[in-house]
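Start at 1 and go down the list; that is how both ligands and their atoms are numbered.
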Amino acid sequence: MWRYHRQKLSVCLLLLLAVLVLAFHQGELKDWALRDSVDSLGEAVTLAVCGAWLSLIISSRPVGRITNYLFFGSFLLLFSATLDLADEVLDYPPEQRLLSWLESFPAPIGMVLLTIGLFGWHREQQVISRQLQGREGFLRDHQLIDPLTQLYGPVYLHAVLNREIKLRRPGQTLSLLLLDIQGFAGYNRNFGVSAGDELLQRLAIWFAGQLRPQDVICRYSGDCFVVLLPDTPPSSAELLAQHLQSQLQHICTEPLVLQTVVQPVQDQSAAAALQQLELSLLQAKTQPSSRHAAYSRVWY
Ligand SMILES: Nc1nc2c(ncn2[C@@H]2O[C@H](COP(=O)(O)OP(=O)(O)OP(=O)(O)O)[C@@H](O)[C@H]2O)c(=O)[nH]1
């Protein structure tokens, strides 16, 4: 963000520097005995806080009207605080009124600008959260989000997979990785359904955290998750599957069996690709040595 504010920041800092040069030119250094160290400390802290506000605004705000209010508001406070601090070490001649005006006036103007900016920021946040709520409501209404794990569900997977297949460029790879917890029915029986729910939530968070931003993970059915991996050949998807299996023991204390199936997506519909994936899972479970299970692993 800094580069967007570079120009006005440079002008403001030059202005501040020019006023400081004028202050040192007009004023005389006070005797140490006349300096109030507590006042100086208070003013130095105020200056540091104004500087921190300004740098936070610059680093977090996009360019725009509200940002300008915040920027100039905090800069004027910083301007006054700098001259306030200079005032602690310099004595100005009594006829020199300009410097005391430059010290006094910018602060209240800065406060007003900052208040207008903060009000605008508040309104902006309200609009953003209304939009986010609307988007979340849309996703929920269309049952795209699984309420237990907060991951996308199978309807969304179908839609996004179809889109990926359509938009795929020649030679671009796309893989699906299926993660199925084995013996989950037994886990529910032994520890209770709410412990099963909690395990699914924990796994969903962990799986999602292991993926790249462009990957899409969905809860496909009860204890089965599917990950869509764009630009990923099956060999890399298999490495990810192995990584998840090897790390799972650090996440869950329960001895879990994780069945994984990796499948490259060819020029086919999403429904056909997912049907094939389900078939591969079935075959991996029933005939672990079959060709369809070539990319599947069982971890205990
Ligand atoms: N706690 C909990 N259990 C669920 C949920 N959804 C489905 N299940 C249970 O998950 C189990 C899934 O069935 P299966 O895939 O046959 O279970 P499994 O024992 O892992 O079978 P394999 O995968 O063949 O080893 C069923 O017992 C469901 O009742 C849920 O949201 N929460």
Short version for Val257: what comes under 4.0 Å of ligand 1, heavy atoms counted, is neither
Taking only heavy atoms of Leu148, which atoms of ligand 1 are found under 4.0 Å from at least one of them? 31 (O)
Which residue owns the protein heavy atom closest to atom 32 (N) of ligand 1, what's the atom, and how far is it? Asp197 OD1, 2.6 Å
Donor-acceptor contact present, side-chain His25 to main-chain Leu20, <3.5 Å: no
Does Arg202 pair with Glu198 as a salt bridge, N-O distance under 4.0 Å? yes
Which is it for Ile181 and ligand 1 at heavy atoms under 4.0 Å: side chain, backbone, both or neither? backbone
Could you check which of Asn188, Asp146, Thr149 puts a non-hydrogen atom nearest to atom 9 (C) of ligand 1? Asn188
What protein heavy atom sits nearest atom 7 (C) of ligand 1, and how far away is it? Gly222 CA, 3.5 Å
For Gly196, the atoms of ligand 1 under 4.0 Å from one of its heavy atoms are 1 (N)
For atom 27 (O) of ligand 1, find the nearest protein heavy atom and state the residue, atom name and distance (0.1 Å precision). Ala185 CB, 3.3 Å
Would you confirm whether Glu238, through its side chain, and Ser235, through its main-chain N or O, come within 3.5 Å as a donor-acceptor pair? no
Can you tell me how far the OG atom of Ser80 sits from the CD atom of Glu103, to the nearest 0.5 Å? 7.0 Å
Would you mind running through ligand 1 and noting each atom that sits below 4.0 Å from a heavy atom of Asp180? 23 (O)
Pro147 backbone acceptor or donor facing Gln150 side chain under 3.5 Å: yes
Quick test of your reading of the structure: of Lys285, Glu198, Gln259, whose heavy atom lies closest to atom 23 (O) of ligand 1? Lys285
Is atom 3 (N) of ligand 1 in close reach of the protein, with a heavy atom under 4.0 Å away? yes
At less than 4.0 angstrom from any non-hydrogen atom of Leu200, what atoms of ligand 1 do you find? 30 (C), 31 (O), 32 (N)
Tell me whether atom 13 (O) of ligand 1 lies less than 4.0 Å from at least one protein heavy-atom position. no
Looking at atom 10 (O) of ligand 1, what's its closest protein heavy atom, distance included? Phe184 CD2, 3.2 Å
Do me a favour and list the nearest non-hydrogen protein atom to atom 5 (C) of ligand 1 with residue, atom name and distance? Arg219 NH2, 3.5 Å
Heavy-atom distances under 4.0 Å are what count here, so tell me which part of Val193 touches ligand 1: side chain, backbone, both or neither. both
Measuring from atom CG of Asp84 to atom CG of Leu47, what distance do you get when rounded to the nearest 0.5 angstrom? 9.5 Å
Which label fits Trp101 and Phe105: parallel for a plane angle under 30°, tilted from 30 to 60°, or perpendicular past 60°? tilted
Distance-only, no hydrogens or angles: does the Glu43 side chain make a donor-acceptor pair with backbone N or O of Leu41 under 3.5 Å? no
Do Arg219 side-chain atoms and Gly222 backbone N/O form a donor-acceptor pair below 3.5 Å? yes
Check: Phe225 ring centre within less than 6.0 Å of Phe207 ring centre: yes
Quick one: nearest non-hydrogen protein atom to atom 20 (O) of ligand 1, plus distance? Asp223 OD2, 2.7 Å
Nearest-neighbour protein heavy atom for atom 25 (O) of ligand 1, which is reported as residue plus atom name and distance: Gly183 N, 3.0 Å
CZ/Arg61 to CD/Glu124 distance, rounded to the nearest 0.5 angstrom? 4.0 Å
